[in-house]
2 protein chains.
Amino acid sequence: MARPTLASLARELAVSRQTISNVLNAPHKVKPATRERIQAAIEAAGYRPSAAARQLRTQRSMNFGMRLLPATDGINGAVLDRFLHALTEATQAAGYRLTLFCADSDSDEIRQYEELLDVAGLDGFILTSSTPDDARTRWLQERGTPFAVFGRPWDSAGRPTSGSHSWVDVDGAAGTEQAVQMLLEQGHSRIGFLGWYTGNPVGADRRRGWQRAMDAAGHRRDVPDLSVEAEETVAGGASGAALLASRGATAIVCSSDSLALGAMEKLRELRPGTGRPAVVGFDNTPVAAALGLLSVAQPVEEAARHIIRVLTYELASNGTAGAATPATNPPDRQLLLAPHVVERIPLPLAPTGIRQA
Amino acid sequence: MARPTLASLARELAVSRQTISNVLNAPHKVKPATRERIQAAIEAAGYRPSAAARQLRTQRSMNFGMRLLPATDGINGAVLDRFLHALTEATQAAGYRLTLFCADSDSDEIRQYEELLDVAGLDGFILTSSTPDDARTRWLQERGTPFAVFGRPWDSAGRPTSGSHSWVDVDGAAGTEQAVQMLLEQGHSRIGFLGWYTGNPVGADRRRGWQRAMDAAGHRRDVPDLSVEAEETVAGGASGAALLASRGATAIVCSSDSLALGAMEKLRELRPGTGRPAVVGFDNTPVAAALGLLSVAQPVEEAARHIIRVLTYELASNGTAGAATPATNPPDRQLLLAPHVVERIPLPLAPTGIRQA
DNA sequence: CGCACAAATTTGATCGATCAAATCTGTGCG
DNA sequence: CGCACAGATTTGATCGATCAAATTTGTGCG
């Protein structure tokens with residue numbers, strides 16, 4: 001027994017293809033009695049319209065594309081992992097599908113866009129990072145392809161801009177600011193910042209939050225002394241922490257969990273027996289969770305859901321061009337989400353159950 | 001200027017659609033002179049056949065599906081991450097595309113298969129884990145859908161079987177065996193095993209390798225004493241290590257990096273100043289790399305490539321049913337890859353460059 | 001009753017490719 | 001010259017849906 005098609009089902013029910021099609025796509029056009037009869041038959045036969053045939057006619061693939069970035073670090077890759085998972089779920093819930101692809105550079109990524117648009121007819125793309133003066137977003141905008149970015153656009157000087165395309169981002173500065181405030185409340189005043197070497201604008205943003213909070217607390221003169229940049233590794237974090245400690249820092253806010261991990265180990269080594277060092281990481285990766293490290297958590301699941309909301313809204317309104325009443329409020333095309341510091345019980349933990357094998 | 005189609009290009013070149021189609025799909029049927037002229041025109045016009053139209057006619061989507069598992073642990077999730085990346089690359093290189101989806105249970109996964117097969121016409125699936133007596137593989141086999149599994153099939157007693165479907169796996173027992181041998185060479189003899197609580201067959205397999213190596217080295221009578229099971233967390237690892245240490249273990253082989261991490265911390269605490277504890281983890285996750293932990297590394301990239309090799313081979317020979325000469329040797333439908341222990345310089349590392357911000 | 005007009009349903013064309021069969025070209029050879 | 005036959009190319013149908021337009025059915029009302 002072959003898969004039912006519109007034609008085969010229509011024959012069985014003694015109605016036309018179009019009527020069945022209308023039951024699925026424009027139910028209000030079909031008389032209620034007929035509609036119910038056909039709906040029942042659709043369920044009974046397990047009929048599902050072919051996406052390929054539909055795409056051929058409508059020029060819509062109901063398919064989004066996303067580049068899978070090469071796992072740079074691995075520790076921090078966990079953030080993208082959670083993002084990807086939430087994105088897949090949201091895509092599915094919206095009735096779309098998600099196609100993954102790889103690219104070995106940003107220009108190759110553009111080549112892939114072109115190919116995927118021509119061949120597979122993808123309806124839109126999700127980008128998971130943005131660079132200053134991004135060539136990819138420019139290309140997509142010129143071509144008029146729907147897309148949304150997880151990450152704010154940055155101007156060529158590396159400062160956040162608003163841009164004209166859709167994006168969602170997490171307010172890194174707000175995160176580090178919150179971390180500093182928490183440490184101030186705990187009685188710290190010499191709070192260091194441990195960031196990245198590279199001119200990465202995301203890192204600069206996180207540093208700004210620390211600086212803002214220090215300024216506000218009246219520690220402006222300490223800022224130059226207490227800010228250090230290191231290589232994005234555990235070892236880099238250890239070295240940076242040593243330097244900050246030598247300058248009298250009693251607490252450290254970091255740009256990443258890798259740095260924070262190194263910093264924590266180093267402080268523990270320098271001041272043994274003083275309990276968990278006051279170190280806050282960024283991204284709340286599984287490692288931080290496993291080791292009881294405080295960390296600033298990004299609401300990536302919320303970000304992913306919003307991205308899909310924006311994309312699907314845009315695609316839906318493209319179709320209904322003209323004088324259509326927007327049933328729902330348009331989602332913000334540019335949204336900055338607030339992160340929060342995750343509190344944790346310090347290690348070592350109470351022993352958990354073990355068993356003889 | 002709209003995207004060129006077979007028809008529009010044919011008109012321009014004053015040839016028929018079919019001839020252009022043949023240039024792409026059966027070049028030998030076209031006279032060399034014509035072929036070159038058309039090939040040049042295809043490039044110049046940037047013509048790319050529409051996947052939807054092709055799929056409608058050929059009933060092939062050139063698309064694989066894979067379920068994205070909910071990130072259980074996070075630390076060990078990194079293995080699937082690397083696998084996914086390699087898989088995406090291999091899929092792309094083979095001229096296919098990869099569709100991701102989520103499911104909240106194995107039975108829901110089957111429902112998703114059904115839907116994706118009907119709607120999107122996927123050509124095959126990649127499964128990333130297998131359970132004893134797996135309902136999903138049974139369903140796919142009954143339906144005759146091509147698929148390949150990363151992970152051996154297990155019988156209902158949890159012992160590895162060969163099954164009748166395609167799979168690739170990493171020989172966990174060989175990995176732990178190698179780890180024991182390395183530790184024996186380093187002079188250890190009381191080598192403990194720290195595994196999982198759960199009846200997970202993967203864990204049982206890893207334990208078997210340790211046991212085999214201990215038997216072979218003449219330490220059979222120590223086996224009952226030196227095998228402990230704990231919860232799959234860092235804290236669990238610490239507790240388990242404490243117990244093993246109390247029984248005189250000088251080295252520990254673990255089922256995961258999470259356990260190994262906990263074990264390392266605990267041994268360091270129990271025996272300060274004796275250098276890096278002799279602990280070996282499993283999966284060579286980024287955390288292990290960051291912390292200088294020894295670990296058994298799975299060749300996941302090779303596994304991913306092989307899975308695609310198997311799937312594409314199967315699909316290619318399905319098409320050429322009958323008396324076709326297999327141009328290439330068929331790839332092994334069931335393949336067990338050997339892992340290896342990753343050697344590492346013990347932490348703390350030499351200080352790396354830092355800089356004043 | 002019959003006409004206008006809206007609602008419900010059907011028909012034929014189309015999206016862009018490939019398949020199978022038909023037609024056209026060219027070459028060798030009696 | 002003409003016929004057979006392989007090679008090259010073209011033609012018409014088809015995959016399974018939706019669109020736009022045509023047709024049928026139903027309702028209200030003078």
Side-chain angles (χ1 to χ4, degrees), chain A residues 2-39 41-42 45-63 95 117-123 319-321, chain B residues 2-39 41-42 45-63 95 117-123 319-321:
Chain A
R3 211 165 79 73
T5 69
L6 220 44
S8 78
L9 237 184
R11 219 172 306 122
E12 267 183 51
L13 290 172
V15 295
S16 68
R17 303 181 312 268
Q18 190 61 41
T19 302
I20 306 186
S21 172
N22 282 340
V23 168
L24 293 169
N25 302 313
H28 65 275
K29 288 187 182 169
V30 182
K31 190 163 66 165
T34 326
R35 191 197 309 155
E36 277 156 38
R37 186 170 68 97
I38 293 179
Q39 244 150 7
I42 288 177
Y47 168 71
R48 290 197 185 93
S50 144
R54 198 171 247 181
Q55 176 183 352
L56 188 59
R57 183 73 250 230
T58 61
Q59 307 288 20
R60 284 283 187 87
S61 65
M62 300 305 281
N63 218 306
L117 285 168
D118 281 358
V119 172
L122 295 197
D123 292 333
T320 341
Chain B
R3 208 166 80 75
T5 67
L6 220 44
S8 78
L9 200 63
R11 219 174 304 122
E12 267 183 52
L13 289 171
V15 295
S16 69
R17 302 180 316 266
Q18 188 61 42
T19 302
I20 307 186
S21 172
N22 283 338
V23 167
L24 292 169
N25 301 314
H28 64 277
K29 287 188 183 169
V30 182
K31 192 163 63 166
T34 325
R35 191 197 308 156
E36 276 157 36
R37 185 168 69 97
I38 293 179
Q39 243 150 10
I42 287 176
Y47 168 71
R48 290 199 186 92
S50 145
R54 201 171 242 184
Q55 176 183 351
L56 188 57
R57 184 71 250 230
T58 61
Q59 308 288 19
R60 284 283 187 88
S61 64
M62 300 305 282
N63 218 305
L117 285 169
D118 281 357
V119 173
L122 296 198
D123 292 334
T320 341

Closest to the 5' end of DNA chain D, once A:S50 and B:A14 are matched to their nearest nucleotides, is B:A14
Below 4.5 Å, heavy atoms only, C-beta onward: do A:V23 and A:T34 meet side chain to side chain? no
Under 4.5 Å between any side-chain heavy atoms of A:I38 and A:Y47, yes or no? no
Under the side chain to side chain donor-acceptor pair (under 3.5 Å) test, residues paired with B:R48 that sit two or more places apart: A:D118
Where along residues 18-26 of chain A does a heavy atom come under 4.0 Å from DNA chain D, residue by residue in number order? A:Q18, A:S21, A:N25
Mind checking if A:Q55 touches a base, just sugar-phosphate, or nothing, with heavy atoms under 4.0 Å? nothing
Which is true for A:R48 with a 4.0 Å heavy-atom rule: it touches a base, it touches only sugar-phosphate, or it touches nothing? sugar-phosphate
Rounded to the nearest 0.5 Å, the CD atom of A:Q55 sits from the CE atom of A:M62 at a distance of 11.0 Å
Heavy-atom closest contact (A:S61 atom, A:A120 atom, distance): CB-O, 3.7 Å
What pair of heavy atoms forms the shortest contact from A:A45 to A:P4, and how long is it? O-CG, 3.6 Å
Mind checking whether A:P49 and B:V119 have side chains closer than 4.5 Å, heavy atoms only? no
For residues 25-33 of chain B, run the donor-acceptor check on the side chains, cut-off 3.5 Å, and write out each pair with its distance to 0.1 Å, sequence neighbours left out.
residue	atom	partner	partner atom	Å
B:N25	OD1	B:R54	NH2	3.4
B:N25	ND2	B:S21	O	3.3
B:N25	ND2	B:S21	OG	3.4

Given axes from five pairs at either end, by how many degrees does the helix from C:dC1-D:dG30 to C:dG30-D:dC1 bend, rounded to 10°? 60°
Tell me which donor-acceptor pairs under 3.5 Å the side chains of residues 9-17 of chain B have, and how far apart each pair is, sequence neighbours excluded?
residue	atom	partner	partner atom	Å
B:S16	OG	B:T19	N	3.4
B:S16	OG	B:T19	OG1	3.1

How many angstroms lie between CD1 in A:I42 and CZ in A:R35, if you round to the nearest 0.5 Å? 11.5 Å
Does anyone know the first and last nucleotide of DNA chain D in reach of chain B, 5' to 3', at under 4.0 angstrom to a heavy atom? D:dA8 to D:dG16
